Amino acid sequence: IIVSDQVETADLSERPFRVITSSGKRYETEALIIATGAQARWLGLPSEERFRGFGVSACATCDGIFFIRKHVVVVGGGNTAAEEALFLSKYASKVTLVHRGASLRAEKILQQRLFNDTKIEVVWEHVVDEVLGNEEPALSVEGIRLRHARTGAVQNLPADGLFVAIGHSPSVRVFGDQLRQKPGGYIWVEPGSTRTSVPGVFAAGDVSDDVYRQAVTAAGLGCMAAIEAERFLAHPHS
Ligand SMILES: Cc1cc2nc3c(=O)[nH]c(=O)nc-3n(C[C@H](O)[C@H](O)[C@H](O)COP(=O)(O)OP(=O)(O)OC[C@H]3O[C@@H](n4cnc5c(N)ncnc54)[C@H](O)[C@@H]3O)c2cc1C
């Protein structure tokens with residue numbers, strides 16, 4: 001059965017695990033699969049929200065194809081931003097990476113590839129101030145207003161799209177510190193498995209996957225979790 005509800009608390013201290021939802025329902029279970037996903041972090045600008053899905057994205061692998069021979073801006077300074085910029089340069093005519101600092105946090109090898117890519121330009125010490133665009137005849141991005149991080153000076157950069165690459169947050173709030181986590185808060189799982197640090201609790205999809213975060217990998221991990229949970233229920237003490 002499928003129940004539409006929000007899990008508010010989960011007690012994983014002993015089996016059966018206890019889950020309480022926002023509608024007040026209580027569930028007891030011998031095995032639990034967590035597949036609560038991860039949320040992209042956004043800049044928090046109203047204009048970013050308005051153009052999300054219409055030129056503003058947080059996933060180059062998903063939406064890069066829509067920017068063939070176009071100019072895109074990537075905002076961020078870590079590995080994600082560098083990877084997104086490199087991926088987008090395969091499609092776009094130009095990629096501008098906007099970073100608020102004077103150096104990137106991305107791994108050196110990624111930085112090297114980035115600086116060697118003639119399609120990628122880095123704009124240092126700037127933040128995205130506003131996404132500029134049209135509402136009519138259809139929502140579309142026309143440019144990005146940048147603000148200098150120190151002086152506050154603004155400039156408009158013509159662009160067809162914005163990729164926000166400032167990280168993701170896995171949805172793990174309700175589990176607190178009951179499960180071992182990886183850096184970044186993703187649920188730790190045994191390599192090649194969906195088993196978490198608590199026997200009987202399995203994690204699948206973006207909530208435990210800080211590398212791929214794709215629908216197809218999430219579906220595969222979900223299948224693994226279902227099989228592992230079934231085996232666990234058949235032999236809980238093995
Ligand atoms: C704009 C966009 C485009 C994308 N395009 C592609 C693509 O083309 N190809 C591709 O492979 N991937 C794509 N992805 C990535 C793909 O959507 C994710 O990798 C995939 O959805 C992850 O699946 P999941 O089940 O782990 O998490 P999710 O799909 O995020 O599902 C998690 C679910 O858990 C629910 N939830 C969270 N907390 C609770 C709680 N406490 N109680 C109850 N429910 C809860 C959420 O509401 C949500 O419904 C895209 C992502 C985005 C944002």
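It should be emphasised that the depicted structure is a prediction, and the values quoted were computed from it without experimental measurement. In each ligand, atom 1 is the first atom listed, and ligand 1 is the first ligand listed.
Considering backbone and side-chain atoms together, Asp63 places no N or O closer than 3.5 Å to any N or O of ligand 1. Looking at Cys59 next to ligand 1, no N or O pair under 3.5 Å apart turns up. Considering backbone and side-chain atoms together, Asp206 places an N or O closer than 3.5 Å to an N or O of ligand 1. Considering both main-chain and side-chain atoms, Ala215 comes within under 3.5 Å of ligand 1 through a nitrogen or oxygen pair.
Taking 4.0 Å as the cut-off between side-chain N and carboxylate O, Glu228 and Arg231 do not count as a salt-bridged pair. Ion pairing between Asp160 and Lys70 fails under the 4.0 Å rule for side-chain N and carboxylate O. A salt bridge links Lys182 with Asp210: the distance from a Lys NZ or Arg NE/NH1/NH2 to an Asp or Glu carboxylate oxygen falls below 4.0 Å.
Protein heavy atom in closest approach to atom 40 (C) of ligand 1: Gln6 NE2, 3.4 Å. Counting protein heavy atoms only, atom 45 (C) of ligand 1 is closest to Thr36 CG2, 4.0 Å. Of all protein heavy atoms, the one closest to atom 9 (N) of ligand 1 is Gln214 OE1, 3.6 Å. Gly37 CA, 3.8 Å is the protein heavy atom nearest to atom 30 (O) of ligand 1. Shortest contact from atom 41 (N) of ligand 1 to any protein heavy atom: Val7 O, 3.1 Å. Cys62 SG, 3.3 Å is the protein heavy atom nearest to atom 50 (C) of ligand 1.
Contacts between Ala218 and ligand 1 below 4.0 angstrom, taking non-hydrogen atoms only, involve the side chain exclusively. Counting heavy atoms closer than 4.0 Å to ligand 1, residue Arg213 contributes backbone atoms (N, CA, C, O) but none from C-beta onward. If you look at Thr61 next to ligand 1, there are no close heavy atoms at all, none under 4.0 Å.
Phe67 and Phe163 have their aromatic ring centers within a separation under 6.0 angstrom.
Within the 4.0 angstrom cut-off, atom 5 (N) of ligand 1 has one or more protein heavy-atom neighbours. Distance check for atom 12 (N) of ligand 1: a protein heavy atom is found below 4.0 Å. The presence of a protein heavy atom under 4.0 Å from atom 53 (C) of ligand 1 is ruled out. For atom 37 (C) of ligand 1, the nearest protein heavy atom lies under 4.0 Å away.
Between the side chains of Ser169 and Arg41, at least one donor N or O sits under 3.5 Å from an acceptor N or O. In this model, no donor atom of one side chain and acceptor atom of the other lie less than 3.5 Å apart for His71 and Ser93.
Summarising the geometry, atom CD belonging to Glu125 is positioned 4.0 Å from atom CZ belonging to Arg150; distances are rounded to the nearest 0.5 Å.
Nearest residue to atom 31 (O) of ligand 1 from Ser22, Ala58, Ala35 is Ala35 (criterion: closest heavy atom).
For the pair Phe202/Leu32, no side-chain contact is recorded, criterion being any heavy-atom separation below 4.5 Å from C-beta on. Considering only heavy atoms from C-beta on, Val74 stays 4.5 Å or farther from Thr96 through its side chain.
Heavy-atom minimum distance, Val174 versus Glu8: CG1-O, 3.2 Å.
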